[in-house]
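Everything below concerns the one structure shown next.
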Amino acid sequence: MKAVLIFAGTTEGRELAQLLSESGICCRVCVATDYGKLVMPESDDVFVSVGRLDENQMRTLIEEGYRTDSGEILEYQAIVDATHPYATEVSENIKNSLNNLNIPYLRLKREGNPDVCRNKQSVRCFDSHEDCAKALAGTKGNILLTTGSSALSVYCLDACRERLYVRTLPSQENIASCEAQGIFGKRVIAMQGPFSAEMNLAMIRQFDIRHIVTKESGASGGFAEKMQAAEEGGIQAWVIGQPKESGLSFSEIVNQLQKLLDTEIMKEAKVEVSLIGIGMGPDTMSMDARCAMENVDLIFGAERMLSCAPAGIETYPYYQADDIVSILLKKKKEFSGKTIKAAVLLSGDVGFYSGAKKIKEGLNKNGFRDVRLYAGITSVSYLAAAAGESWEDAKILSIHGRKDVLRWRAELVDLVMYHPKTYVLVSGAEDISGIGKLLTDAGLGECILVCGYQLSYEEERIQTLLAKEAESVTGQGLYTLLVKNPAPQKKILTPVLADTDFIREKVPMTKEEIRQAAVCKLGLTNQAVVYDIGSGTGSIAVECARCSPDIRVYAVDKKQEAVELVKKNRAKFHLQNVIPVLAEAVDALQNLDTPTHVFIGGSGGNMRKIIETVWEKNVNACIVATAVSLETVAELAKAETEFFCPKGYLPDMETVQIQVSRSKKAGNSRLMRAENPVYLFRLRLNRQTEDKT
């Protein structure tokens, strides 16, 4: 067994002791106060002793070695000085106590934040407490002293004492020191950090603080949070500069100990990741989310979001999972044995059209499983409140960044046409203008648009106008949209269009009753991809597209006049999800999306090839075909026995003959006139089962 002696006074010292203990290395940790022991819990391999030691006492302690539970005495292989950077006298005593002992001395250096306070008029820097106290004597207003109790007497000048509010660790010794200097009651703030910028700012406001005194103590000492609170509170910061010192970083200390002890103690850092919804911006972030953000080591996010990152925290302008993972993997190796806390800032709420899902999946895939999500305020809920509207009874659609333009246009028109309120997440003013034109073309130009611009920012503006006036929206920035339809239609859920509803001209059309039966036989589902082959007027395509805006219909016909008629009927019924295709069916099918449902109203003599091509593209596609001529009936009748189908499947065909008669007035009577009988075929493939008989 091997042992290390650590003189601890910082967070890094505690972390080092815990790491060594986990690696099976015995540690004795010396702390100055009972409170230091309280925050340094003992374990099987860590013994904590309390008390301030002079040089001779330190040497005696080192020479005695480490006594194990079995009584064995272990010589110390290294002495680690992890005392506070301002405890220069203690560090000198440790070094002097090692004279002629031939035991390595390692100084654990705390990194400062020099860029946080330099070159700011609201910050004054000093080399010593004495210089700072003298300068404070010539000021007015309350002083928050955050330098601890060791230098308290220096600041208790007659010109300062009655203005001092002292924040110190909650130990009886520290409180007694305050009382000995005449600091009592509410002017003693006995608390343990870390303190967020919010908490610092709250204290500044609570006690009407005009000056805050702090050491340049680095990230783990909460220095950046004090500077941020001072700046936001509009007060003067007085900073005691960190003494110039040499030393090693945490990871360098671990490397040195590993060599000295000839023991593997290098361990990848533990990484905790917070995915934080910041709402519209910093002013709408929850307290829980803000506290999480202020207690991390590094922050990821888009440039706009990083503006709300606390001063002094390392930031990266990345928001893609791969980029974030790449940085975290490097940090795991760089900061061995430590816990790294990272945050990813995301706009709005992490569970509402957010990138949080993909980022979490990417993190988990690469071994980062300690991931917590923090909720944020969505732009929808913010706009609803600003506009005085509810949103629990509204429809919500995001078109932000979507490439499937035809689909979202169909979804949007469908939502607005049949619902009184629709909230839309958009990318900018161009989307607002485009939506206005889309709705106007669909006969919805009288719908009301409530445009939320730069929500929660100083430039915030709520603009209300009609859809047909949307071209006037030009301001560049962030938008969220509410569309209000004062007269929404009731949506009919079955195919009900009459033949007279269509623009027909001289192009053939599947008749009303046959059309309705055929659409029902197709058994359409959400997100279906439909081929209407031999589309003619497009009556089947229109009926299918009307079932749901997320159904995509390709209306294929080889005649130009038929395709033009499809376009007219598509426009008449305000459909965005019908796509006319001018081509021979067999040629067109090769380049279209994989079908789920196919209707064949006209094959041009290529029925067999069309069906076989569909089955090659999707063995699960449902095919419905109509036949009037006996030749077509005969050709379809061969489908089960002669048509090619993929290996392992067998065709299954259902045939229905439909005879329709229509009434016609003859004098005072009505007579039934028979239409030509129509055969309706439905074909599917079933997986072939092995015959075990």
Side-chain angles (χ1 to χ4, degrees), residues 115-116 196-198 224-225 227-228 231-232 273-328 341-360 362-363 373-383 385-386 398-403 423-432 451-463 473-481:
D115 295 334
V116 174
S196 67
E198 251 83 19
E225 287 78 4
M227 292 296 97
Q228 182 180 346
E231 185 171 359
E232 292 182 12
V273 184
S274 299
L275 305 183
I276 300 175
I278 68 169
M280 309 304 98
D283 292 340
T284 58
M285 194 184 308
S286 71
M287 289 296 294
D288 193 30
R290 187 175 292 278
C291 286
M293 180 183 69
E294 292 181 344
N295 288 285
V296 298
D297 304 299
L298 55 154
I299 297 177
F300 300 91
E303 290 280 6
R304 175 179 67 85
M305 299 174 200
L306 292 178
S307 62
C308 67
I313 296 181
E314 195 172 354
T315 60
Y316 294 87
Y318 305 138
Y319 49 88
Q320 299 289 344
D322 289 346
D323 296 325
I324 294 169
V325 166
S326 177
I327 296 294
L328 292 179
K341 296 183 179 182
V344 183
L345 305 185
L346 299 141
S347 62
D349 178 63
V350 290
F352 185 78
Y353 294 106
S354 171
K357 181 180 179 181
K358 286 187 176 180
I359 293 174
K360 186 173 185 293
L363 290 168
L373 279 68
Y374 289 83
I377 297 174
T378 71
S379 59
V380 167
S381 60
Y382 189 101
L383 177 59
S398 174
I399 67 171
H400 177 63
R402 285 181 60 172
K403 306 298 185 185
Y423 286 92
V424 189
L425 303 180
V426 300
S427 298
E430 297 83 0
D431 282 350
I432 303 285
C451 309
Y453 172 71
Q454 294 291 96
L455 297 176
S456 85
Y457 291 89
E458 290 184 5
E459 315 92 280
E460 178 182 308
R461 183 175 69 252
I462 308 297
Q463 183 180 2
V473 178
T474 57
Q476 296 302 310
L478 303 172
Y479 283 89
T480 300
L481 179 65

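The first residue in the sequence is number 1, and the count goes up from there.
Contact annotation: the side chain of L328 approaches that of L298 to within less than 4.5 Å [non-hydrogen atoms, C-beta and beyond]. Side-chain contact between L478 and R304 is present, with heavy atoms from C-beta onward closer than 4.5 Å. Here the side chains of Q228 and E198 are not in contact, with every heavy-atom distance at 4.5 Å or above. No side-chain heavy atom of E460 sits under 4.5 Å from any side-chain heavy atom of M280. For the pair L383/I462, a side-chain contact is recorded, criterion being any heavy-atom separation below 4.5 Å from C-beta on. Using a 4.5 Å heavy-atom threshold, the side chains of I276 and V350 count as separate. Residues V273 and I324 form no side-chain contact, since every pair of their non-hydrogen atoms from C-beta on lies 4.5 Å or further apart. Between K341 and S274, the closest side-chain pair of non-hydrogen atoms is not below 4.5 Å.
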With side-chain contact (heavy atoms from CB on, under 4.5 Å) as the test, would you mind laying out the steps for L346 and I359 before giving the verdict? CA-CA 10 Å; L346 299 141; I359 293 174; 3.9 Å; yes

Which is it for L425 and V380 under the side-chain contact (heavy atoms from CB on, under 4.5 Å) test, yes or no, and what are the steps along the way? CA-CA 8 Å; L425 303 180; V380 167; 3.8 Å; yes

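Contact detail for Y382 and T284: the closest heavy-atom pair is CE1-CG2, 3.9 Å. The minimum heavy-atom distance linking G401 with S427 is given by the pair N-OG, 3.4 Å. For the residue pair S196 and E294, the shortest heavy atom distance occurs at CB-OE1, 2.6 Å. Residue P317 comes nearest to E303 through the heavy atom pair CB-OE2, 3.6 Å, listed as atom of the first residue, atom of the second, then distance. The minimum heavy-atom distance between C451 and L481, with the atom names listed, is SG-CD1, 3.8 Å. When all heavy atoms of G277 and A289 are compared, the closest pair comes out as O-CB, 4.2 Å.
Judged as a side-chain hydrogen bond (donor to acceptor under 3.5 Å, both in side chains), and not counting sequence neighbours, Q463 has no contacts. Qualifying ring-ring contact (aromatic ring centres under 6.0 Å, His included) partners for Y479, counting only residues two or more places apart in sequence or in other chains: Y453.
Interatomic distance, OH of Y353 versus OG of S347, reported as 14.0 Å (0.5 Å rounding). To the nearest 0.5 angstrom, K358 atom NZ is 14.0 Å from L363 atom CG. Between the CG atom in L275 and the CG atom in L373 there is a gap of 4.5 Å [rounded to 0.5 Å]. Distance check: L455 CG to T480 OG1 gives 5.0 Å after rounding to the nearest 0.5 Å. Between the OH atom in Y374 and the CD1 atom in I278 there is a gap of 15.5 Å [rounded to 0.5 Å].
Of the residues V296, N295, D297, the one that meets the side-chain contact (heavy atoms from CB on, under 4.5 Å) test with I313 is V296.
Residue pairs meeting the side-chain hydrogen bond (donor to acceptor under 3.5 Å, both in side chains) criterion with at least one partner in residues 315-326, sequence neighbours excluded, are E314-Y316, Y316-K331.
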